Amino acid sequence: METYKPQKIEKKWQRIWEIQGVYRAKDLSKKPKSYILVEFPYPSGEGLHVGHCRPYIALDIVARKRRMEGFNVLFPMGWDAFGLPTENYAIKTRIHPRIVTKKNTALFKRQQKNIGLSFDWSREINTTDPAYYKWTQWIFLQLFKKGLAYKAKMPINWCPSCKIGLANEEVVDGSCERCGERVTKKEKEQWMLKITKYAERLIQDLDRVDYPERVKVLQKDWIGKSEGAEIEFRIQNSEFRIPVFTTRADTLFGATYLVLAPEHPEIENFKPHITNYKFVKKYIEEAKKKTERERISEMKEKMGVEIKGIKAINPVNNREIPIFVADYVLIHYGTGGIMAVPAHDQRDFDFAKLHNLPILEVIKPQNNAEGRLRQSASQRGSLYNGTPYGRAYEGEGILINSGRFNGMKSEIAKERIVAWLAKKGLAKKAVNYKLRDWIFSRQRYWGEPIPMIQCERCGWQPVPEKDLPVKLPSVKKYQPTQTGESPLAAVERWINTKCPKCSSLAKRETDVMPNWAGSNWYYLRYCDPKNEKRLADPKLLRYWMPVNWYNGGMEHATLHLLYSRFIYKFLWDIKAVPKSLGPEPYKKRTSHGTVLGEKGIKMSKSRGNVINPDQVIKEYGTDTLRVYEMFMGPFEQTISWDTKGVKGAKRFLERVWKLTGKFLVTQKPKGSSYLKKLLHKTMKKVSEDIESLKFNTALSSLMEFCNAWQTNKEGGLGKKDFKDFLKIFSPFAPHLTEEIWSQLGFKSSIHNQKWPKHDPKLVKEGIVTFIIQVNGRVREKIEAEIGISKREFKKLALAQENIKKWIERKNLKKTIFVPGKLINFVI
RNA sequence: GCCGCGGUGGCGGAAUUGGUUUACGCGUACGACUCAAAAUCGUAUGACCGAAAGGUUGUGUGGGUUCGACUCCCACCCGCGGCACCA
């Protein structure tokens with residue numbers, strides 16, 4: 001056998017696999033299906049680095065195992081190619097983004113092929129392909145028709161110096177990424193998607209899927225459900241009522257003022273009664289100018305002004321309380337106004353202190369909680385600074401100063417107070433979500449045009465479905481305009497069109513969709529990538545969907561993953577996706593850790609520490625790259641690259657190669673029974689570890705096996721065992737194992753073989769090392785058959801010289817025996 | 001501030017229905033092969049005491065439960081990630 005020359009072998013097999021279509025997914029085959037999905041990349045000009053490869057390799061291993069287990073596997077790849085970097089590159093170079101995208105996808109594809117990934121390339125998709133985005137636009141039209149897409153005035157990030165609208169990711173620490181100028185707000189009409197309508201289902205259906213717990217928690221926190229009540233405060237001497245949302249109706253007696261958000265629409269209605277209107281107005285105008293970030297940065301100072309001339313009535317005790325306007329209250333949450341309970345909410349407490357407002361304690365902490373609070377307050381030296389603890393007590397407890405509710409527990413009082421006020425029509429139970437509707441417009445060029453037409457007579461009209469796709473027109477300049485409009489706004493012949501309803505002159509929407517639009521539904525398209533009549537054939541969707549295993553970055557846990565679940569649910573609701581599939585697109589979700597550069601420094605072009613897989617492959621070979629990427633550490637954890645470790649992986653492959661050489665010369669039909677048993681243990685471990693993403697320990701057990709094989713003196717490995725070894729190793733090192741497989745004389749690919757199953761009997765047998773402890777300390781180790789009984793082993797153990805020494809003339813109180821593991825003598 | 005994750009040799013890490021701490025790999029040292037080096041193969045490798053046998057100690061810190069704790073409980077320290085005026 002020649003020496004191991006990975007580069008030669010790898011290129012050869014990659015070609016053969018492609019020609020033979022080894023990894024083709026077969027539509028509607030009789031075999032059970034398995035849909036394995038990795039997030040498709042944004043093809044940037046820099047190409048892949050070794051961190052991007054890791055999830056591809058991991059799921060490639062899973063896909064290969066599934067095929068060998070008899071599944072018809074769909075493991076596709078495509079390009080999420082609309083986006084800012086390409087557009088910015090176009091602005092700089094004036095090269096059309098389409099050309100840049102073409103170049104970049106070619107680069108990515110070449111790199112991915114180099115890694116020996118078993119993608120079915122016949123299903124490749126690209127979000128910038130009009131044949132694809134036709135359906136992205138179609139989905140938007142359906143949303144519009146169902147009332148889930150609407151226009152609203154929303155602030156965009158605006159750089160006053162560049163005179164340009166910025167995407168969130170272009171705003172760094174509140175400043176423009178390119179010029180450093182402070183970003184301000186600019187109001188603009190934008191398309192919004194009503195994701196909030198799905199908030200409850202997006203939470204509930206998490207129970208149906210197998211996601212990591214932390215991902216579920218992240219999504220739930222992001223949606224931010226909170227249950228409470230809406231309580232109405234009447235305005236003195238008027239018909240007006242101001243509703244507020246609270247989760248703490250039990251503190252209502254302590255509500256000593258109301259606060260409204262500066263944008264609160266009712267304020268204008270009170271204008272005739274307000275005695276300091278000018279002053280209030282000035283405050284509101286200033287607050288509106290501030291960005292959200294600025295408001296937060298001034299968090300410590302809770303500024304605000306009283307609206308003089310009007311008072312609110314606290315419904316529980318009919319006390320008159322003042323009304324303030326302050327920007328620590330947000331317009332988009334709840335009702336845009338709050339009841340302030342300074343004794344039991346730290347923000348209200350801070351505000352009350354600043355404005356010298358009364359602080360009324362209505363909840364007493366229970367038992368030891370009070371003592372602890374007093375203690376920590378006295379340590380801070382802030383006792384009796386408005387409350388007994390010098391700050392707000394935000395926990396629950398027993399009601400005081402609350403009239404007929406005194407002595408009641410918070411938990412019960414919440415219900416009772418709301419029920420009592422409800423009878424008078426002043427309260428009702430309410431639920432609020434932090435989740436906000438999704439701003440779906442971008443004032444940019446390189447995205448899907450929003451297929452809407454504005455007619456002066458008929459208003460916003462959807463482009464008729466037969467006219468889809470609305471293609472992006474060619475433009476000369478890609479810069480956003482100085483008014484904040486999309487660059488498309490300058491393309492006269494494209495904008496001007498006819499109203500689909502009344503045929504009079506009308507104008508197209510010039511905004512485009514955000515990056516997420518194309519990735520919302522791409523996994524559906526892989527099932528039927530070339531369909532011109534519909535998004536995908538229901539027959540094929542029924543066969544392939546749902547996705548069995550979806551891996552992607554943790555950074556998408558709240559955005560892409562939530563958005564795409566929402567869109568799927570919508571498509572399911574309107575039956576664009578067959579009802580029989582259920583309301584969730586992904587059965588199982590996993591996330592990979594980031595790969596850092598050497599010494600734990602983040603890989604970046606500017607630091608010059610980016611490791612390109614092509615270089616690694618050139619120097620060590622693809623299989624080495626694959627084995628190292630999987631062996632370097634736990635898949636889900638952040639980990640840094642170590643070139644020395646790559647060498648270790650190469651050494652391992654070389655060892656396998658050499659052992660094979662020896663095997664081919666001296667092969668015997670029957671080998672060592674010890675190695676057979678060890679192999680079956682390894683088979684079990686590798687099978688299980690791949691399922692739970694523990695590729696590192698799967699490989700370490702394969703290495704252990706090879707170490708035992710190498711030092712084995714009693715006949716080496718039998719032929720069948722050798723074949724089984726190759727099979728369980730093949731997903732990790734597909735080229736090396738395929739080469740050896742063919743050298744064994746087989747014509748059919750190893751990747752089409754059956755995944756070997758371990759024999760449970762063989763796994764259970766064998767000699768293991770037992771521990772002998774005295775009082776829990778290890779004193780001796782001896783070998784024994786794994787199934788040995790307590791009595792027998794005790795005899796054996798007590799006969800050990802080393803143990804006699806410890807036990808003699810002592811009182812043996814107790815003997816603990818753990819089968820297959822240890823014995824412990826308690827003296 | 002809140003939520004989540006983590007803390008084990010010189011390094012990446014392994015081990016959790018409580019049962020050998022440091023598997024596997026890297027590094028290092030020594031030896032073999034070689035004119036030599038690299039590669040490869042072999043041996044050793046937590047710390048401390050000891051010539052050795054052996055012993056003591058050891059999984060962020062301090063307590064607890066247990067025959068036995070990296071694993072369980074309580075209190076705390078540190079690091080990372082996310083959210084952050086959401087009433």
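Every value quoted in this text rests on a predicted model; they were computed, and no experiment measured them. Numbered from 1 within each chain, the chains take letters A, B, ... in sequence-line order.
- Among the atoms of the strands shown, only primed sugar atoms or phosphate atoms (P, OP1, OP2) are found under 4.0 Å from some heavy atom of A/Lys821.
- An OP1 or OP2 oxygen of B/rA87 is reached within less than 4.0 angstrom by a side-chain nitrogen or oxygen of A/Tyr333.
- In this structure, B/rG9 is classed as syn because its glycosidic torsion stays within 90° of zero.
- Ion pair A/Lys685/A/Glu704 not flagged as a salt bridge, since none of the NZ, NE, NH1 or NH2 atoms sits closer than 4.0 Å to an Asp/Glu carboxylate oxygen.
- For A/Gln637 and B/rG13, the shortest distance from a side-chain N or O to OP1 or OP2 is below 4.0 Å.
- Using a 4.0 Å heavy-atom distance criterion, A/Val217 is classed as a sugar-phosphate-only contact.
- At the phosphate of B/rG55, neither OP1 nor OP2 sits under 4.0 Å from any side-chain N or O atom of A/Arg777.
- Judged purely by atom type and a 3.5 angstrom limit, A/Arg589 has no side-chain atom pairing as donor or acceptor with the backbone of A/Pro212.
- Across all strands, A/Asn432 comes closer than 4.0 Å to no nucleic acid atom at all (heavy-atom distances).
- At B/rC83, none of the side-chain N or O atoms of A/Thr558 fall inside 4.0 Å of OP1 or OP2 (strictly under the cut-off).
- Note: NZ (A/Lys647) to C1' (B/rG12) measures 16 Å, nearest angstrom.
- A donor-acceptor contact under 3.5 Å is not formed by the side chain of A/Glu213 with the base of B/rG4.
- Note on A/Gly648: only backbone sugar-phosphate atoms sit closer than 4.0 angstrom, heavy atoms only; bases stay farther off.
- Closest to the side chain of A/Arg779, out of B/rC67, B/rU56, B/rU20, is B/rU56.
- Between A/Arg655 and B/rU40 there is no side-chain polar atom (N or O) within less than 4.0 angstrom of OP1 or OP2.
- Among the protein residues, A/Lys658 comes within range of the sugar-phosphate backbone only, with heavy atoms under 4.0 Å from sugar or phosphate atoms but none that close to a base.
- Following rounding to the nearest Å, A/Tyr211 (OH) and B/rG4 (C1') show an atom-to-atom distance of 18 Å.
- Within the 4.0 Å cut-off from OP1 or OP2 of B/rG27, at least one side-chain nitrogen or oxygen of A/Arg651 is found.
- Checking B/rC85, B/rG42, B/rG25 against the side-chain heavy atoms of A/Thr711 singles out B/rG42 as nearest.
- Using a 4.0 Å heavy-atom cutoff across all strands shown, A/Asn707 reaches sugar-phosphate atoms only and no base atom.
- Side-chain nitrogen and oxygen atoms of A/Asn696 include at least one within less than 4.0 Å of the OP1 or OP2 phosphate oxygen of B/rA14.
- With respect to A/Glu411 and A/Lys414, no salt bridge is recorded, no charged nitrogen being found less than 4.0 Å from a carboxylate O.
- At a threshold of 4.0 angstrom between heavy atoms, the contacts of A/Ile639 are confined to the sugar-phosphate backbone, with no base atom among them.
- For the pair A/Trp222 CH2 and B/rG81 P, the computed distance is 17 Å after rounding to whole Å.
- Residue side chain A/Lys644 does not reach the base of B/rC11 through any donor-acceptor N/O pair under 3.5 Å, judged by distance alone.
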